[in-house]
There are 2 protein chains.
Amino acid sequence: MNQKPNVYQDLFLNHLSLDCVVFGFHDSQLKVLLLRMKRTKDWALPGGFVKPDETFEVAASRVLKERTGLGDIFLKQFKIFSDPLRSQNNPIVSDLEEEKDKGCIEWFHQRFISVGFYALVDFSKAEPTPDFFSDQCSWKALDEVDALMLDHTQILTKALETLRLQLNYQPIGYNLLPDKFTMPELQKLYETILGKELDRRNFQRRMLSYGILNKLEERKTGGAHKSPFLYEFNLGNYQKALQVGLYGGW
Amino acid sequence: MNQKPNVYQDLFLNHLSLDCVVFGFHDSQLKVLLLRMKRTKDWALPGGFVKPDETFEVAASRVLKERTGLGDIFLKQFKIFSDPLRSQNNPIVSDLEEEKDKGCIEWFHQRFISVGFYALVDFSKAEPTPDFFSDQCSWKALDEVDALMLDHTQILTKALETLRLQLNYQPIGYNLLPDKFTMPELQKLYETILGKELDRRNFQRRMLSYGILNKLEERKTGGAHKSPFLYEFNLGNYQKALQVGLYGGW
DNA sequence: TATCATTGCGTCATACCGACACAATAATAA
DNA sequence: TTATTATTGTGTCGGTATGACGCAATGATA
């Protein structure tokens with residue numbers, strides 16, 4: 001979608017769309033990747049459509065490759081949004097009307113259901129790239145996000161809610177942090193996602209008990225105080241925890 | 001879909017379908033509602049399509065109303081299945097070919113994505129009813145379920161997996177048990193869903209600690225041994241637990 | 001050299017959980 | 001009528017996880 005396809009109906013399947021809530025972590029803040037629409041300047045989630053030979057997962061990967069330059073992104077579908085009126089009044093249409101592009105307008109006038117994905121990416125490695133309908137693609141801290149296009153605010157909210165829930169039985173951080181990181185950094189990530197502060201000492205104890213961290217000999221220097229140890233994820237245990245979960249529960 | 005609509009393309013949206021995994025509890029067994037295809041005798045999940053004015057949730061409710069006679073069913077979407085090849089070789093088509101119904105065959109030859117729902121219903125109140133393509137609609141215990149049509153086995157497996165996960169932070173039982181029930185019955189439900197046995201005494205302690213049960217004065221008589229107390233769900237707390245979750249987690 | 005926020009490591013009381021003991025009960029068999 | 005037996009109600013006990021907090025060590029800055 002870097003170039004405007006004049007042939008949506010030939011390229012993509014009717015009614016099907018997807019939207020991605022891309023999370024990144026930077027400056028002790030949880031950020032989301034957003035697009036700004038060309039004419040209306042509305043902000044929107046990166047999204048796209050599905051080709052005849054794609055699963056939704058593949059389509060989402062393709063879209064995120066275009067928007068961030070990254071491949072092999074952590075991606076998870078969390079909900080499907082199917083309100084019959086959700087895709088009405090798409091600001092994209094008003095952009096297109098200026099160009100009198102009939103076929104294209106028709107495509108965007110149809111009803112779309114949207115599969116919501118959330119993605120976790122390394123902030124420093126992503127290269128935000130606008131699509132054809134937007135003039136800007138950039139990271140926004142969660143508390144800077146105003147009203148979004150269509151039902152995208154609702155999608156973002158649900159994604160965050162899901163992420164918070166998953167935190168309880170899934171490891172997180174491998175996709176959001178650099179390879180080596182300190183315990184305070186990891187804690188800050190958790191605190192940002194949860195939106196509340198945690199006890200430093202209890203966090204460390206619990207985190208270490210999961211067995212998904214390797215403590216390194218190095219320390220992170222340069223900070224203005226006592227230099228903390230560096231950690232890395234134990235990928236084997238991390239992957240295992242992703243599948244089995246962190247707690248047995250029942 | 002009790003009658004065969006000759007006008008799918010006018011009634012429903014292209015590419016969109018849904019499948020429901022309907023769970024019921026009876027005879028200390030977890031059962032699933034299945035349909036048997038008329039000609040091929042393949043077993044399948046109850047499913048359907050989406051009308052232009054429906055959300056997926058509304059469409060699923062409509063389908064389940066037709067298959068069970070029940071309204072206001074506990075319903076939850078858990079995953080969308082979008083393999084491009086998933087809806088190939090639909091046995092329904094071979095049924096239709098006998099009738100040389102061209103338009104109808106075309107409809108079923110298109111690629112469908114399917115939103116998976118799972119539903120929890122009161123076994124005793126449901127009235128299984130086949131649709132136009134099936135000659136039988138009946139409950140099957142989980143271990144009696146053989147290979148299902150298309151990717152329906154995969155859908156069923158994922159539904160069960162989701163249900164087991166949800167058990168950890170959501171109350172369950174209100175939709176599956178009669179109004180009054182005993183602690184052993186509730187435990188049996190948990191054991192059946194989880195596929196493993198639990199300690200009677202620890203189960204009771206944990207269950208009561210949730211605060212979602214009212215202990216009644218009555219006992220259940222007629223059993224061959226000591227008569228157990230009856231319980232009912234405390235609906236207020238139950239609903240609250242559904243939203244907030246059973247455990248704080250982080 | 002003193003200051004001070006930050007970090008590493010530890011303590012303590014409490015809650016919770018798994019495993020298990022024992023008496024009470026209700027239908028059935030003797 | 002009485003003994004048997006499987007089941008249920010209630011409680012205990014030790015181990016473990018959790019929340020709240022103490023204190024000394026560190027490393028840049030003043």
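So you know, we letter chains A, B, ... as the sequences are listed, proteins then strands, and number each from 1. Everything quoted here is computed from the prediction, not taken from an experiment. These numbers come from the heavy atoms of this one structure, side chains and all, not from hydrogens, waters or symmetry mates.
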Distance-only polar pair, side chains of Asp19(A) and Ser114(A), donor-acceptor under 3.5 Å: yes
d(CZ, Arg205(A); P, dA20(D)) in whole Å: 11 Å
Lys/Arg-Asp/Glu bridge criterion (N-O < 4.0 Å) met for Lys220(A), Glu185(A): yes
For atom CE of Met183(B) and atom P of dT7(D), their distance in whole Å: 18 Å
Exceeds 12 heavy-atom contacts within 6.0 angstrom, atom NZ of Lys140(B): yes
d(CD, Gln204(A); P, dG19(D)) in whole Å: 15 Å
Between dA19(C) (P) and Phe203(B) (CZ): distance, integer Å: 16 Å
Interatomic distance, Leu208(B) CG vs dT8(D) P [rounded to whole Å]: 15 Å
Tyr238(B) ring center near Phe233(B) ring center (under 6.0 Å): yes
Sugar-phosphate, base or nothing in reach of Lys220(B), heavy atoms under 4.0 Å: nothing
Sequence-aligned protein contact record of nucleotides 21-30 of chain D, with B where the base is within under 4.0 Å of a protein heavy atom and S where only the sugar-phosphate is: BB--BBBS--
Lys215(A) charged N/C atom sitting above Phe229(A) aromatic ring, 6.0 Å / 45°: yes
Integer-rounded Å distance: dT6(C) P and Glu185(A) CD: 14 Å
side-chain N/O Tyr210(A) vs dA17(D) OP1/OP2, d < 4.0 Å: no
Tyr231(B) side chain near dG9(D) phosphate (N/O to OP1/OP2, under 4.0 Å): no
Rounded distance (nearest 0.5 Å) linking atom NZ of Lys240(B) with atom CG of Leu235(B): 12.5 Å
Modelled atom types, side-chain donor and acceptor of Gln239(A) and Gln243(A), under 3.5 Å: no
Heavy-atom donor-acceptor pair, Arg206(A) side-chain to dG19(D) base, under 3.5 Å: no
Nearest-angstrom distance from the residue atom CE of Met207(A) to P of dT18(D): 12 Å
First of Pro228(A) and Ser209(B) reached from the 5' end of DNA chain C, by closest nucleotide: Pro228(A)
Nearest-angstrom distance from the residue atom CG of Leu230(B) to C1' of dT8(D): 13 Å
